[in-house]
Amino acid sequence: MKNARIRVLVAKPGLDGHDRGAKVIARALRDAGMEVIYTGLRQTPEQIVETAIQEDVNVIGLSILSGAHMYLFPKIMELLAEKEATDILVIAGGIIPNEDIAELKKVGIKEIFTPGTDTNKIVKFIKENIEITKT
Amino acid sequence: MDLGTRVRQGDTRAVAKLITLVENDFQHAQKALKDLHQYCGKAIVIGITGPPGSGKSTITDRLTQHIRKIGKKVGIIAIDPSSPFTGGAILGDRIRMQDLATDQEVFIRSIGTRGHLGGLSRSTQAIVKIMDAMGKDIIFIETVGVGQSEIEVIKVSDIILLVTIPGMGDDIQALKAGIMEIGDIFVVNKADRDGADKLITEIEMMIHLNGEGKKNPPIIKTVGIENIGIAQLWKEIERLIVELEENGQIYQRRRNRVRKEIFDLFQENWKDMFFQLIGEANLEREVEKVLKQENDPYCAVEKLTEKFKKKIFQGGNNIV
């Protein structure tokens with residue numbers, strides 16, 4: 001690929017109204033040379049998955065603070081599978097209790113970044129894991 | 001089934017993948033584009049341009065919702081700037097288009113400019129074709145927020161909406177040459193704000209100065225967020241499309257578009273040939289000489305051109 005860019009959808013599922021964290025991540029990924037599609041607050045799983053497909057992203061980054069991750073994340077993974085789009089790398093961040101992390105990884109979320117994570121670590125993770133999933 | 005066929009059947013994933021290919025590796029995308037070309041030409045392409053924050057995304061969203069009610073299938077190409085330093089971009093136009101995300105008859109693609117100037121990306125024209133071939137009736141191209149001279153959108157659109165807002169003060173004066181000349185319809189958005197009528201007067205005055213026989217674009221007041229003026233705007237767009245089809249303008253614009261496309265593609269090939277035949281090393285050598293004042297750029301180009309011509313005439317058949 002001559003002119004390829006890593007494309008990332010930064011999405012906020014659910015009903016919480018805070019996107020400062022998502023914006024910080026979006027900015028960090030932009031500065032790492034990625035094209036970041038930011039869709040704003042209160043996205044349904046259907047909106048997130050359809051957007052990811054139309055935008056042909058390599059990565060979906062989910063940010064959530066509402067506590068509804070155990071419902072919303074598996075739903076998103078389910079829809080991705082339905083659309084045969086499981087090649088997209090899905091990562092997440094926000095307020096997610098440790099005891100939920102293993103469960104979320106089981107449904108296919110590749111990594112969970114909790115508050116305080118260095119953004120460089122996220123960039124590095126994407127770059128290292130994208131090769132595997134990139135077609 | 002090949003990619004082209006899947007695109008024509010409206011397969012979202014295939015369309016998305018082909019657009020990526022066009023963006024990343026145009027040479028390889030050409031095969032599919034060749035196959036698709038014969039199915040293009042049905043869609044009306046509407047360029048939406050204007051300064052940052054004037055409401056282009058909101059107007060695009062509201063117009064789309066409006067024409068979905070009459071069954072029109074819509075493609076949207078939403079362009080935002082790429083960083084000249086990192087190549088990265090924040091593509092945020094979808095924030096205003098959330099309700100469209102799950103409508104199966106609406107396809108939205110966010111695009112970074114990737115170093116291309118003029119308010120569009122290099123890939124825009126090819127993406128228009130893909131959306132056309134997949135069966136969209138109306139394709140909106142939302143440019144980056146523009147200032148004065150990013151007018152390239154006229155080269156890929158059938159008609160142009162220029163979205164402006166009150167309260168930009170004297171900026172409007174500066175806008176007058178260039179961008180202000182390309183609007184087929186002026187949209188005065190956020191018209192509930194102070195200064196909307198003053199802005200309309202200013203635009204009217206400017207239009208008067210166009211003189212006899214020149215285009216006389218209508219001015220429509222909207223408040224995008226409140227959905228005010230959108231129905232009237234669409235009515236005006238439809239009327240204008242009929243008018244421009246009847247007076248041959250649409251044909252003329254499409255003709256110019258094809259001409260430009262052929263020439264641009266030719267230029268790209270030409271560029272590739274330059275590097276194949278002359279090579280990066282020769283170019284660098286000339287750069288060094290000019291920097292050391294041993295040569296000037298004009299003579300350097302003459303020399304490279306001579307070398308280029310010689311190569312072509314020598315082994316022409318192998319190259320072309």
Side-chain angles (χ1 to χ4, degrees), chain A residues 1-13 19 22-59 61 76 79-88 119 123 126-127 134-135, chain B residues 11-29 57 61 75-104 106-116 121-123 127 130-131 134 272:
Chain A
M1 290 273 165
K2 280 181 185 162
N3 196 19
R5 299 274 202 290
I6 297 174
R7 286 171 66 86
V8 186
L9 171 62
V10 172
K12 282 209 52 85
D19 62 351
K23 282 177 179 157
V24 169
I25 299 298
R27 173 64 199 269
L29 300 182
R30 185 202 92 177
D31 289 343
M34 301 178 196
E35 287 184 345
V36 182
I37 293 111
Y38 184 62
T39 49
L41 298 167
R42 300 185 192 94
Q43 298 279 293
T44 64
E46 288 78 7
Q47 284 174 323
I48 291 168
V49 170
E50 192 56 38
T51 299
I53 288 171
Q54 291 187 5
E55 298 286 355
D56 195 25
V57 295
N58 310 97
V59 185
I76 289 165
L79 289 171
L80 281 172
E82 237 171 65
K83 300 266 181 183
E84 292 171 26
T86 46
D87 55 318
I88 300 172
T119 53
V123 169
I126 290 176
K127 286 187 173 164
K134 213 168 168 181
T135 43
Chain B
D11 177 337
T12 308
R13 201 100 218 269
V15 171
K17 290 279 175 204
L18 182 55
I19 293 174
T20 303
L21 192 59
V22 160
E23 285 239 285
N24 291 353
D25 189 355
F26 190 77
Q27 289 299 334
H28 276 97
S57 303
D61 174 71
I76 298 171
I77 306 170
I79 305 156
D80 269 328
S82 300
S83 161
F85 303 108
T86 66
I90 301 278
L91 310 175
D93 292 319
R94 271 181 179 267
I95 295 172
R96 317 272 175 240
M97 304 180 190
Q98 291 197 3
D99 292 339
L100 302 176
T102 50
D103 185 336
Q104 294 300 314
V106 178
F107 190 101
I108 306 173
R109 186 63 174 246
S110 313
I111 297 289
T113 52
R114 298 194 181 183
H116 188 83
S121 71
R122 248 181 64 181
S123 55
I127 300 173
I130 295 167
M131 290 185 174
M134 84 182 281
D272 287 346

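Convention: sequence-line order gives letters A, B, ...; per-chain numbering from 1. Basis for what follows: all heavy atoms, side chains included, without hydrogens, waters or symmetry-related copies.
Ion pair B:D25/B:K17 not flagged as a salt bridge, since none of the NZ, NE, NH1 or NH2 atoms sits closer than 4.0 Å to an Asp/Glu carboxylate oxygen.
Interface remark: A:R7 contributes side-chain atoms only to the contact with chain B (heavy atom separation under 4.5 Å). Of the two parts of A:E84, only the backbone, made up of N, CA, C and O, holds a non-hydrogen atom closer than 4.5 Å to a non-hydrogen atom of chain B. Of the atoms belonging to B:R96, not a single heavy atom falls under 4.5 Å from chain A. Interface remark: A:L29 contributes no atoms to any contact with chain B (heavy atom separation under 4.5 Å).
Considering only heavy-atom pairs separated by less than 4.5 Å from chain A, the leading option among B:I111, B:D99, B:I108, B:T12 is B:I108. Of all the listed residues (A:R27, A:E50, A:E55), the one sharing the greatest number of non-hydrogen pairs under 4.5 Å with chain B is A:E55. Annotation: maximal heavy-atom pairing with chain A below 4.5 Å, among B:A101, B:A16, B:A89, occurs at B:A89.
Looking only at side-chain heavy atoms (C-beta outward), A:I88 and A:N58 stay at 4.5 Å or farther from each other. Using a 4.5 Å cut-off on side-chain heavy atoms (C-beta onward), A:E35 and A:R30 make no contact.
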(request) Decide side-chain contact (heavy atoms from CB on, under 4.5 Å) for B:I90 and B:D80; before the verdict, give the C-alpha distance in whole Å, the side-chain angles of both, and the deciding distance to 0.1 Å. (result) CA-CA 7 Å; B:I90 301 278; B:D80 269 328; over 6 Å; no
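Taking every heavy atom of both residues into account, A:Y38 and A:A22 meet most closely at CE1-CB, 4.1 Å.
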